[in-house]
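Read the structure below first, then the notes.
Just so it is clear, the structure is predicted and the values come from calculations on it, not from any experiment. Throughout, a chain's letter reflects where its sequence line sits, starting with A, and its residues are numbered from 1. No hydrogens, no waters, no symmetry mates; every other heavy atom, side chains included, goes into these values.
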Amino acid sequence: MASIKLDNLGKIYPGGSRAVGGVKLDIADGEFIVLVGPSGCGKSTLLRMVAGLESITEGEVRIGDRVVNKVEPADRDIAMVFQNYALYPHMSVRQNLAYGLKNRRTPKAEITRRVDEAAAILQIGPFLDRKPRALSGGQRQRVAMGRAIVREPAAFLFDEPLSNLDAKLRVAMRLEIKDLQKRLRTTSIYVTHDQLEAMTLADRLVVLNAGQVEQIGTPLDVYRRPASTFVAGFIGSPAMNLIPARAVPHLPGSAHAAVIGIRPEDLVPDPDGPIEMQVGAIEELGAQRLVHGKVNGADVTIALPSHGELSDRLRLNAAPEALHRFDDKSGKRLD
Amino acid sequence: MKRTIFSNQLLPWLLLAPQLAITFIFFLWPAGQAIRQSFLREDAFGINTSFVGLANFRALLDSPEYLESVKVTAVFAVSVTVVSMGVALLLAVAVDRMLKSARVYTTLLVWPYAVAPAVAGILWWFIFNPTIGIMPYVLDVIGYDWNHVSSKTDAMILVVIASAWKQISYNFLFFVAGLQAIPASMREAAAIDGAGPVRRFFDITFPLLSPTTFFLLVINIVYAMFETFGVIDATTEGGPARATNIMVYKVYFDGFVGQNIGSSAAQSVVLMLLVITLTIIQFRWVEKKVEY
Ligand SMILES: Nc1ncnc2c1ncn2[C@@H]1O[C@H](COP(=O)(O)OP(=O)(O)OP(=O)(O)O)[C@@H](O)[C@H]1O
Ligand SMILES: [Mg+2]
């Protein structure tokens with residue numbers, strides 16, 4: 001186990017395109033960090049630099065108290081779970097799990113013990129003698145996890161490990177990964193573009209945008225106090241409304257902020273409310289309904305309980321503490 | 001598949017006719033002739049022909065010259081296959097690592113394939129020519145006295161190089177395609193699992209390449225055994241002392257130069273059976289893909 005420290009980490013690909021820049025992050029021993037951001041924002045690049053699969057062009061990666069910039073992936077004491085699992089198709093599950101240990105000259109008895117133990121934890125015992133192609137997607141995912149945990153590495157690196165699973169299995173595996181990591185207390189970096197996965201798994205979230213860190217914090221911190229309009233729009237589902245202040249002049253603070261952010265569930269119907277909304281499309285989700293519409297020309301979505309009639313004009317109100325104020329040029333939070 | 005119904009019964013046959021004619025004139029008819037003649041024997045003047053049953057085949061088995069030719073063919077085919085596939089695999093692995101710049105490289109490597117075997121043979125014959133070639137000169141500098149006209153080993157090396165050379169580009173393309181089909185993450189996972197580049201190649205890359213390798217193995221053996229006639233004819237003509245007299249060349253030599261039609265026909269029937277066997281192997285295994 002180890003802490004990981006990223007110091008001004010950056011990557012410029014050959015050809016000159018910058019994928020990541022100036023990332024500073026201290027990961028404590030045993031912490032579960034989730035890197036989240038839209039497609040192409042540099043999550044995989046960042047993770048692969050930590051793994052040693054991508055050269056580091058700027059800054060430093062430390063694992064434990066060692067700078068590993070020039071250390072081979074094999075010697076970084078990390079294990080990685082790939083999006084496509086990358087199981088060796090010509091080896092049985094047992095051989096897949098044992099391969100890393102065998103290469104490190106672990107004694108035979110020890111390999112058997114560790115493989116059986118990992119198989120028990122992940123409930124893949126019955127499949128140990130099968131080839132990967134004879135497994136379902138979920139089972140392959142477990143084998144990929146197994147291959148990471150048998151090595152008992154200092155850190156786990158996950159690159160969107162659940163994105164090839166169906167929605168139900170994804171939720172189940174998400175919980176299992178969380179449990180497993182709690183039990184093993186192994187430092188983990190987990191990449192996803194699914195903000196729900198990010199919220200539920202992370203001890204701390206790192207929100208990336210175009211290769212830069214937008215915000216680092218616990219999921220609740222990030223949710224409650226998004227540092228920028230980007231984070232505000234990215235974390236939380238349905239996404240936070242970002243309304244130009246002139247469209248809602250009666251809300252507190254709208255005089256000196258350019259953009260007001262309000263979560264859909266924070267906009268509540270109130271006959272005397274200062275905001276008037278023209279109702280447009282309605283999405284019924286069962287327990288909730290999402291009502292889309294316009295407030296002085298700006299797009300707004302609100303979440304209402306699923307009962308009662310809706311008129312085509314609603315008056316709304318929001319508690320002062322539910323308002324987020326952002327600068328319009330930088331998009332940064334103002335308070 | 002789409003099924004077309006022809007209202008005219010004649011039209012489909014007309015459309016097939018050219019292909020059928022070519023198959024018949026250039027393949028079935030000569031093959032039939034060869035089989036027929038392999039059971040016949042002509043007298044020295046070509047006047048009388050008599051049916052001799054399997055005598056031509058029996059004579060082959062009793063002929064030390066023929067058995068020698070089989071041995072030469074085996075050595076030659078294995079050498080050509082090993083050299084052409086080995087070199088191609090090395091090049092393919094090198095290119096696979098930096099495939100961005102590989103496009104030019106790949107194109108250059110295809111050139112040899114466009115050169116006819118006989119031309120390739122003459123090219124190499126010039127390069128290795130004991131009096132005017134560059135290679136004997138270079139070899140002389142490092143103390144090797146090259147002479148494929150008198151040395152059996154040198155002659156064999158020459159025809160192997162000249163034959164393998166052309167096949168390298170073909171093998172290379174297939175190996176590159178095969179390597180590209182292996183997900184990069186597989187090798188990355190192995191790297192994290194503590195396998196160095198050599199280990200990675202033998203544990204991961206090579207096994208995953210086995211369908212390609214097997215396919216090429218059959219193709220190259222067939223090539224070396226049956227399509228290298230031009231190379232041999234242009235360089236060594238089977239010599240010296242029959243050291244490069246492979247089976248295909250012997251068929252030609254015995255038939256057209258030695259005028260022993262019966263024996264030559266029997267030899268081509270043997271070759272035909274070999275091709276059929278190799279083709280069956282090819283279909284049985286390559287179609288199903290090699291198991292991994
Ligand atoms: N080998 C490469 N050469 C050049 N540019 C690259 C290379 N790999 C990635 N990039 C670029 O770097 C940026 C970040 O890519 P990266 O794969 O890290 O994104 P990501 O956040 O993982 O996206 P996704 O969620 O789609 O996986 C992208 O703009 C991408 O085009
Ligand atoms: Mg990615």
Side-chain angles (χ1 to χ4, degrees), chain A residues 13-15 44 47-48 50-54 68 71-92 95-106 111 131-134 140 143-148 150-151 153-161 164, chain B residues 85 89 92-106 174-217 284-292:
Chain A
Y13 276 110
S44 298
L47 193 75
R48 291 165 57 81
V50 177
L53 299 173
E54 210 68 74
V68 295
V71 177
E72 288 294 314
D75 304 324
R76 293 193 182 192
D77 199 16
I78 46 105
M80 184 154 168
V81 179
F82 291 83
Q83 179 170 9
N84 64 359
Y85 315 139
L87 302 177
Y88 313 125
H90 56 301
M91 298 185 193
S92 69
Q95 287 167 325
N96 263 280
L97 297 190
Y99 188 64
L101 297 172
K102 217 177 84 194
N103 285 335
R104 289 179 172 75
R105 307 228 154 72
T106 314
I111 294 183
K131 295 272 169 67
R133 90 188 115 87
R140 283 179 209 181
V143 176
M145 297 276 301
R147 193 167 64 179
V150 282
R151 294 244 327 273
F156 293 139
L157 307 177
F158 301 90
D159 194 352
E160 309 205 23
N164 284 344
Chain B
M85 287 180 67
L89 185 56
V93 168
V95 164
D96 185 52
R97 289 165 168 240
M98 38 145 210
L99 208 80
K100 293 244 174 57
S101 53
R103 215 151 282 151
V104 191
Y105 199 3
T106 317
F174 274 85
F175 275 134
V176 169
L179 286 171
Q180 291 289 302
I182 300 174
S185 59
M186 212 89 80
R187 274 172 274 176
E188 289 170 354
I192 291 176
D193 264 344
V198 178
R199 243 266 140 78
R200 223 140 62 211
F201 179 80
F202 285 107
D203 286 355
I204 311 294
T205 311
F206 196 67
L208 295 185
L209 216 48
S210 62
T212 310
T213 310
F214 186 79
F215 166 78
L216 288 178
L217 199 66
R284 292 273 321 233
W285 276 281
V286 174
E287 292 285 292
K288 275 194 292 179
K289 289 243 169 130
V290 174
E291 212 29 87
Y292 56 67

Open item on the list: For A:Q95, give me all partners under side chain to side chain contact (heavy atoms under 4.5 Å, CB included), at least two apart in sequence or on another chain.
Closed with: A:M91, A:S92

TODO: For B:D203 and A:Y88, test the side chains for any donor-to-acceptor distance below 3.5 angstrom and give the result as yes or no.
DONE: no

TODO: Indicate yes or no: does B:D193 engage A:R151 in a salt bridge with an N to O separation below 4.0 Å.
DONE: yes

Task: Minimum-distance pair of heavy atoms, taken over all atoms of A:N84 and B:P183 - done: ND2-CB, 4.2 Å

Open item on the list: Less than 4.5 Å to any heavy atom of chain B: does that hold for the side chain of A:R76, its backbone, both, or neither?
Closed with: neither

- [ ] Identify which part of B:R187 has an atom lying under 4.5 Å from any heavy atom of chain A, answering side chain, backbone, both or neither.
- [x] neither

Open item on the list: Tell me the closest heavy-atom pair linking A:R147 and B:A189, and the distance in Å.
Closed with: NH2-CB, 3.6 Å

Task: Minimum heavy-atom distance between B:A191 and A:A74, given as atom pair plus value - done: O-CB, 3.3 Å

TODO: List in chain and number order the residues that pass side chain to side chain contact (heavy atoms under 4.5 Å, CB included) with B:F206, two or more places apart in sequence or in another chain; answer none if no residue qualifies.
DONE: B:L89, B:F201, B:T213

Task: Inter-residue atom distance A:K102.NZ - B:R199.CZ, 0.5 Å rounding - done: 6.0 Å

TODO: Check whether A:L87 gets within reach of chain B through its side chain, its backbone, both or neither, counting any heavy atom under 4.5 Å.
DONE: backbone

Open item on the list: Between A:M80 and B:E188, is there a side-chain heavy-atom distance shorter than 4.5 Å?
Closed with: no

Task: Interchain contact, A:A144 with chain B, by part (heavy-atom threshold 4.5 Å) - done: neither

Open item on the list: Given heavy-atom pairs under 4.5 angstrom as the criterion, report whether the side chain, backbone, both or neither of B:A190 touches chain A.
Closed with: both

Task: Structural part of A:Y99 lying under 4.5 Å from a heavy atom of chain B - done: both

